[in-house]
Amino acid sequence: MQRTKIKDILRNDATDYEVVVKGWVRSFRNNQFIALNDGSCMNNLQVVIDLNTDADIVKRITSSAAISVHGKVMPSQGKGQKVEVIASSIEILGDCDAEKYPLQLKNKPSLEYLREIAHLRFRTNTFGAVFRVRHSLAFAIHQFFNERGFVYLHTPIVTASDAEGAGETFRVTSLPFDNPPRNEDGSVDFREDFFGRSTNLTVSGQLEAELGAMAFSEVYTFGPTFRAENSNTARHLAEFWMIEPEVAFNDLVANMDLAEDFIKYIIQYALDHNREDLEFLTQRLVEEEKQKPQNERSEMGLIEKLEFVLNNKFERVTYTEAIDILLQSPAYKKKKFQYDVSWGIDMQSEHERYLVEKHFKKPVIVTNYPAAIKAFYMRQDDGCAPGKETVAAMDILAPGIGEIVGGSQREERLERLERRMNEMHIPTEEMYWYLDTRRFGTVPHAGFGLGFERMVLFVTGMTNIRDVIPFPRTPKNAEF
RNA sequence: UCCUCCUUAGCUCAGUUGGUUAGAGCACCUGACUGUUAAUCAGGGGGUCGUUGGUUCAAGUCCAACAGGGGGAGCCA
């Protein structure tokens, strides 16, 4: 007989039919009631076993043992559930020695402890919910772009370009590290390396995505990204996933519209498809915040926050306006900011948080940043006063997370792009392939990058990025 | 990388001004239980107090270094 998923049994009220269910024991009460979970949904299925069941079998029904149950779905006599399965036979598929098993759910294991047993943490309610939501968001991303005719472009993971320069990169090599071939001047001879040149893991698929956009009009990437930065925070990973759409003929405003529609679409998808998971996560957040003083707790519940984001237009302000708001703010006048504010600064976390969490109290898109603090490929704004040059950049700042999207209209004018690259000491010869798009049929275009894990943080209400990726890679940690 | 806090049983945590044999709840083991919902009840086992070095008659407790972790910052997505 074919296995029925627990989700399918629980989501309809039908009874009086036979099923085979398989899963892992969450709890076993009164030598009679098994709470069974197969990961298909948040809730457990109650399995009621016969009191005459072989004592040797009963003994093996331990927390997290894998079992198969053949039985009949019936209305439950108990209060906690509508239906339950009355078992006619039960088979132990995989024993779980309770004495050695490191995960005891009744002990309310901490998130930090669960991180140390990340190979088992999927079996908890919290991580079950988080990773089902993560899946839905990933799926919704593909659906959103597919519905709009975007081509999913797989940009390379191994790349020779480190032109973006920003992040430290992970080197990819097959050379012997203890005795690499050397040039006469003593430097490593990468001509001997696998690719015949120095290569590293990608820090962004954007430049390649732009090449695709110059043929398909709209493309997106969704893949792993690697940064060897020694940043140890709740918002950074050495290996993370990034979504980067790139659209020909879009200007900055169209870019913002796309980003806002996109974020709202995937949040809506999660609300529509993961209601139980999000309700659980909402409750989890309430419990977590009980530890905090009143004034540090969220003003809205998780689901309430997501619905608020859906129902309100993101605030759009220029960098110049944002700086003015900060300069006029009570926080600034009372000298509450640790870092000073003036036109030209790269805004600090405290400034971004003030704008998002105190001033506007909703997601904010900040545009037209000073050119000096932004990347070479961003389109230079026309008509700027000397010393006040800006670019068509846009960052979306989310409450509690900070920067969730960074994007811009791209500089499509060859001479201006080359001039900027020279100013920033980016080698134009090596980047001939990028500049070729500006030589041959260049058009205005725009795109952005969205950090997937930061989006998952926002939607799940989790607070540490290591808890929203199955196996986090961070400085000094590549376990599992 | 910087600042700060933490590390005591499988988990979560107490442990007083340094002073006998280091505690609790849960988990685990044994037994009881025919409608449980984190089941309940009775009994039992379980510790190199993160590591190394130092101060002291005496260190879980004081000092230093190191390791791991949390929170904040920088960098960023």
Side-chain angles (χ1 to χ4, degrees), chain A residues 26-35 43-53 55 58-59 62-64 74-81 84 86 96-117 124-125 164-168 203-206 224-244 291-292 296 338-339 346-350 352-353 373-375 395-398 401-407 448-458 463-469 474-477 479:
Chain A
R26 280 288 173 85
S27 77
F28 185 36
R29 296 182 290 267
N30 209 16
N31 275 2
Q32 196 183 0
F33 303 97
I34 300 166
N43 289 318
N44 301 323
L45 175 70
Q46 174 153 290
V47 173
V48 185
I49 67 166
D50 195 295
L51 286 161
N52 297 318
T53 303
V58 173
K59 218 173 178 175
T62 57
S63 178
S64 247
M74 299 296 285
S76 177
Q77 297 172 39
K79 288 223 173 78
Q81 55 285 314
E84 64 193 16
I86 307 297
C96 184
D97 184 342
E99 212 164 350
K100 292 177 185 154
Y101 188 55
L103 177 59
Q104 299 302 339
L105 297 173
K106 287 176 199 167
N107 284 339
K108 291 187 267 180
S110 64
L111 294 174
E112 291 81 14
Y113 173 69
L114 290 169
R115 224 171 277 152
E116 291 170 20
I117 52 165
T124 64
N125 283 337
E164 235 197 310
E168 296 292 312
V203 296
S204 164
Q206 181 202 315
T225 308
F226 306 88
R227 305 267 169 97
E229 292 155 358
N230 189 16
S231 40
N232 216 306
T233 80
R235 289 178 293 284
H236 289 83
L237 292 164
E239 176 184 288
F240 63 100
W241 289 67
M242 189 152 64
I243 298 100
E244 294 171 293
Q291 319 291 324
K292 295 186 183 175
E296 286 176 28
Q338 194 188 336
Y339 294 87
D346 204 352
M347 278 190 274
Q348 305 292 315
S349 297
E350 58 177 354
E352 296 182 345
R353 291 184 61 159
I373 57 171
K374 287 291 182 181
D395 284 0
I396 302 185
L397 311 176
I401 312 283
E403 185 178 342
I404 197 164
V405 162
F448 61 85
L450 175 134
F452 184 53
E453 283 74 19
R454 289 190 180 174
M455 192 67 214
V456 181
L457 275 181
F458 185 74
T463 48
N464 193 311
I465 202 163
R466 297 163 198 206
D467 295 331
V468 298
I469 188 167
T474 52
K476 300 280 190 304
N477 183 11
E479 190 67 43

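All chains are named by letter (A, B, ...) in the order of the sequence lines, taking the proteins before the strands, and each is independently numbered beginning at 1.
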**Message:** Need one value for A:Ser76: base, sugar-phosphate or nothing, where a base atom within 4.0 Å counts as base even if backbone is also close, heavy atoms only.
**Reply:** base
**Item:** B:rA27 versus B:rA67 - spacing of their P atoms, nearest Å
**Value:** 38 Å
**Fill in**
Looking only at B:rC76, B:rA73, B:rG71, the nucleotide nearest the A:Tyr339 side chain is B:rA73
**Prompt:** How would you label the contact of A:Ser63 with the nucleic acid (heavy atoms, under 4.0 Å): base, sugar-phosphate, or nothing?
**Reply:** nothing
**Item:** Distance-only donor-acceptor test (3.5 Å): side chain A:Gln104, base B:rG10
**Value:** no
**Message:** Under 4.0 Å, counting only non-hydrogen atoms across every strand here, what does A:Gln81 touch: a base, just sugar-phosphate, or nothing?
**Reply:** base
**Message:** For a quick check of understanding: with a heavy-atom distance under 4.0 Å over all strands, which category does A:Glu99 fall into, base, sugar-phosphate or nothing?
**Reply:** sugar-phosphate
**Prompt:** Taking the same atom, C1', in B:rC6 and in B:rG44, what whole-Å distance lies between them?
**Reply:** 33 Å
**Length of the CG-C1' vector between A:Asn44 and B:rA39, whole Å** = 15 Å
**Closest to side chain of A:Asn31, choosing from B:rC33, B:rC76, B:rG71** = B:rC33
**Request:** Take atom P in B:rG50 and the same atom in B:rU8, then report the distance between them in whole Å.
**Result:** 6 Å
**Message:** Just to be sure I understand the rule, does A:Lys100 reach a base, reach only the sugar-phosphate, or reach nothing, if contact means heavy atoms closer than 4.0 Å?
**Reply:** nothing
**Asked** Out of B:rG71, B:rC28, B:rG10, which nucleotide sits closest to the side chain of A:Ala98?
**Response** B:rC28
**Prompt:** NA contact type, A:Leu237, heavy-atom cut-off 4.0 Å: base, sugar-phosphate, or nothing?
**Reply:** base
**Message:** Taking the C1' atom in each of B:rU56 and B:rU17, what is the distance between them to the nearest angstrom?
**Reply:** 16 Å
**Message:** Among B:rU12, B:rU30, B:rG70, which nucleotide has an atom closest to any side-chain atom of A:Glu112?
**Reply:** B:rG70
**Request:** With heavy atoms under 4.0 Å as the rule, sort A:Glu116 into base, sugar-phosphate or nothing.
**Result:** nothing
**Request:** Select base, sugar-phosphate, or nothing to describe what A:Glu84 touches, counting heavy atoms under 4.0 Å on all strands.
**Result:** base
**Proximal nucleotide (of B:rA73, B:rG70, B:rC33) relative to the A:Asn30 side chain** = B:rC33
**Prompt:** Where the side chain of A:Ser27 is concerned, which of B:rC75, B:rU37, B:rA39 is the nearest nucleotide?
**Reply:** B:rA39
**Request:** Check every strand shown and say whether A:Tyr113 touches a base, only sugar-phosphate, or nothing at a heavy-atom separation below 4.0 Å.
**Result:** sugar-phosphate
**Candidate nucleotides B:rC28, B:rG35, B:rC75, ranked by approach to the side chain of A:Phe33 - the nearest** = B:rG35
**Message:** Set out, in order, the CA-CA distance, both residues' side-chain angles and the distance that settles side-chain contact (heavy atoms from CB on, under 4.5 Å) for A:Tyr101 and A:Ile117, then state yes or no.
**Reply:** CA-CA 11 Å; A:Tyr101 188 55; A:Ile117 52 165; over 6 Å; no
**Request:** For B:rA42, give its Watson-Crick or G-U wobble partner with both distances under 3.5 Å, or none.
**Result:** B:rU30
